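Take a look at the structure set out below.
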Amino acid sequence: MAFYFEEPSHTFGEYLLVPGYSSAQCIPNNVSLRTPLVKFRRGEEPKLSMNIPMTSAIMQAVSNDKMAIALAKEGGVSFIYGSQSVEEEAAMVARVKNYKSGFVSSDSNIKPTTTLGEILDLLQKTSHSTMAVTEDGTADGKLLGIVTSRDYRVSRMSLDTPASEFMTPFENLIYAKAEEVTTINEANDLIWEHKLNMLPIVDKNQHLRYMVFRKDYNDNKEHELELIDSNKRYIVGAGINTRDYAERVPALLKAGADVLCIDSSEGFSEWQRITLKYIHENFGDEVKVGAGNVVDGEGFRFLAEAGADFIKVGIGGGSICITRETKGIGRGQATALIDVCRERDKYYEETGVYIPVCSDGGIVHDYHMTLALAMGADFLMLGRYFSRFDESPTDKVKVNGTYYKEYWGEGSNRARNWQRYDLGGARKLSFEEGVDSYVPYAGPLKDNVQTTLAKIRSTMCNCGALTLPEFRDKAKLTRVSATSIVEGGSHDVILKDRLGRE
């Protein structure tokens, strides 16, 4: 006979936190959101930790190298999507690891023969007024000069004038050698000393490596929580599947991936055990691999014993996921998370090994993130949240006067990520488990993440906690009725922004 859970499964929207005593030290500036990313033994430090409890989802519409850099600057980790070729994913990982904060690869490049008219067209397209003149017109070609808006006057020059006639030639430039200037502070010192707007960095053969801009100085000073490795490179994760891991994993490790994660809709399977075993046997325990997704303690225990370094929780709760509708599989995210975290704590008491839990899905409002952390999640994996930002890889479109970003699920016909839903059968997506959609455009990642984290820190102070472990210990949660949910929002008033005005 089938097993029946006595309690209905619940979502985050059915819970609220009850305030606790807040001491004089409980102010948001004192709150630390640092959290482990991978498992560790009692008394030891985890090999990888994050400064904020946020990771971006392993999705085509969310996590590419641009997203990874932006999130690492704020203290979190992106997992580059794996539903692309091995070479393409490894290249994205390599771009993140090779990126140096403040050291920008030139994306507006011209040849000496490029005309003023062509330069103006490029300016219109990129909005970049500083352009590198290289021998072959590439970002890493031999630097011959620089063109800025101060080098020409459209009203007095022919549009056919080549860049070579009005550029600032290399011999007149103040530049730095890549082997001599290795930190952003050294570059900024030269910029301020020589009153420059931009400092080109070249190698011993005069090939352009990077540009450092004066305007980026304040931006670099603001990223106090940036997540970097021992070589001051950004931390980045990568998604893998249970099919081509023997080819994909070594390529991702060679590219510099710091952590891997098996991307699957359902993790309680022999395929994940086989994948974890292969990786640990061939690459050692130094290679960190997350697994999932599961929705109960039994699933957690299975992946823990299989060697997972962190475990993801959630099936069917994502905004673009229709797995519950199509297959009848899943569990309310709050109930699933509470169950798994209870088993994590039990496993820790038994073995002395702490395996971080990642809550994946079910987040609608920012306060749901706070609830997930209170319920025991060490960190969150977010798809829709990050897909709304400038840094996501999708197009921004205007619909009826409002801007949106495209957002589609890995189980949609658009993504056709059959490996994610693979159960060992045919190599195809037999039916959809995701949709293709739009989400409201929200602007830059930095501004939105900082607002969300401010809410989390404030709520933690309301509960008398300054760290995430303390928050989990002190949190008091209550289930709410449908009526009290209505009471929790604005009610019995007419909001001004919804009242038509003549």
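Since this is a predicted model, take the numbers as computed values, not measurements.
- The distance from the NZ atom of K405 to the CZ atom of R384 is 14.5 Å, given to the nearest 0.5 Å.
- The minimum heavy-atom distance between Y15 and V480, with the atom names listed, is N-CG2, 4.0 Å.
- Looking at V313 and Q333, their side chains come closer than 4.5 Å, going by heavy atoms from C-beta outward.
- The heavy-atom pair separating V93 from A238 by the smallest distance is CG2-CB, 4.1 Å.
- The closest side-chain heavy-atom distance from V62 to Y81 is not below 4.5 Å.
- We find the CG-CZ distance between N197 and F213 to be 9.5 Å, quoted to the nearest 0.5 Å.
- Other residues, nucleotides and ligands contribute at most 12 non-hydrogen atoms within 6.0 Å of the CZ atom of R209.
- Classification of K47 and E286 as a salt-bridged pair holds, one side-chain N sitting under 4.0 Å from a carboxylate O.
- Using a 4.0 Å cut-off between charged nitrogen and carboxylate oxygen, E349 and K346 do not count as a salt-bridge pair.
- Note that CE of M54 and CG of L71 are 8.0 Å apart. Values are rounded to the nearest 0.5 Å.
- Ring orientation note: the planes of H368 and F12 are tilted relative to one another, at an angle of 30° to 60°.
- In plain terms, the two heavy atoms of I235 and L48 that are nearest each other are CD1-CD2, 4.3 Å.
- Under the 6.0 Å cut-off for aromatic ring centres, F5 and F3 qualify, their centroids lying closer than that.
- In this structure, OG on S22 lies 11.5 Å from CE on M460, to the nearest 0.5 angstrom.
- Salt bridge present: K97 and D258 bring a charged side-chain N and a carboxylate O closer than 4.0 Å.
- A 6.0 Å sphere centred on OH of Y347 holds more than 12 heavy atoms belonging to other residues, nucleotides or ligands.
- Of all non-hydrogen atoms in H280 and V287, the two that sit nearest each other are CE1-O, 3.6 Å.
- Taking the side chain as every heavy atom from C-beta outward, F79 and L260 never approach each other to under 4.5 Å.
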- [ ] Would you check, one step at a time, whether the test side chain to side chain contact (heavy atoms under 4.5 Å, CB included) holds for L190 with N188?
- [x] CA-CA 5 Å; L190 287 173; N188 281 324; over 6 Å; no
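- Crowding of Y403 atom OH: a count of heavy atoms from other residues, nucleotides or ligands under 6.0 Å not exceeding 12.
- Looking at every heavy atom in both residues, V295 comes nearest to V340 through C-CG2, 3.9 Å.
- Taking the six-membered ring for Trp, F379 and F310 have ring centres closer than 6.0 Å.
- The aromatic rings of Y367 and H365 sit parallel, their planes meeting at an angle under 30°, below the 60° perpendicular limit.
- Electrostatic pairing of E7 and R331 does not count as a salt bridge here, judged by no charged N lying under 4.0 Å from a carboxylate O.
- A distance of 10.0 Å separates CZ of F302 from CD1 of I311, quoted to the nearest 0.5 Å.
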- [ ] Could you go through the side chain to side chain contact (heavy atoms under 4.5 Å, CB included) check for M369 and T452 one step at a time?
- [x] CA-CA 9 Å; M369 300 185 203; T452 298; 3.6 Å; yes
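- Closest approach of E391 and N64 over heavy atoms only: O-OD1, 3.7 Å.
- Checked for salt-bridge contact, D390 and K396 miss the test: no charged N lies under 4.0 Å from a carboxylate O.
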TODO: Go through the steps to decide whether R457 and L33 satisfy the test side chain to side chain contact (heavy atoms under 4.5 Å, CB included), and finish with yes or no.
DONE: CA-CA 8 Å; R457 292 186 180 102; L33 295 177; 3.9 Å; yes
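- The side-chain contact (heavy atoms from CB on, under 4.5 Å) search around P469 returns T467, R472, not counting sequence neighbours.
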- [ ] Would you check, one step at a time, whether the test side chain to side chain contact (heavy atoms under 4.5 Å, CB included) holds for D263 with N241?
- [x] CA-CA 6 Å; D263 183 28; N241 60 64; 5.9 Å; no
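- Here S32 contributes atom OG and L468 contributes atom CG; the two are 7.0 Å apart, rounded to the nearest 0.5 Å.
- Checked against the 6.0 Å centroid threshold, Y438 and Y407 do not count as a close aromatic pair.
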Name each donor-acceptor pair under 3.5 Å that joins a side chain in residues 35-45 to protein atoms two or more places apart or in another chain, with its distance.
{"unit_1": "T35", "atom_1": "OG1", "unit_2": "D378", "atom_2": "O", "d": "2.7"}
{"unit_1": "R42", "atom_1": "NH2", "unit_2": "Y348", "atom_2": "O", "d": "3.2"}

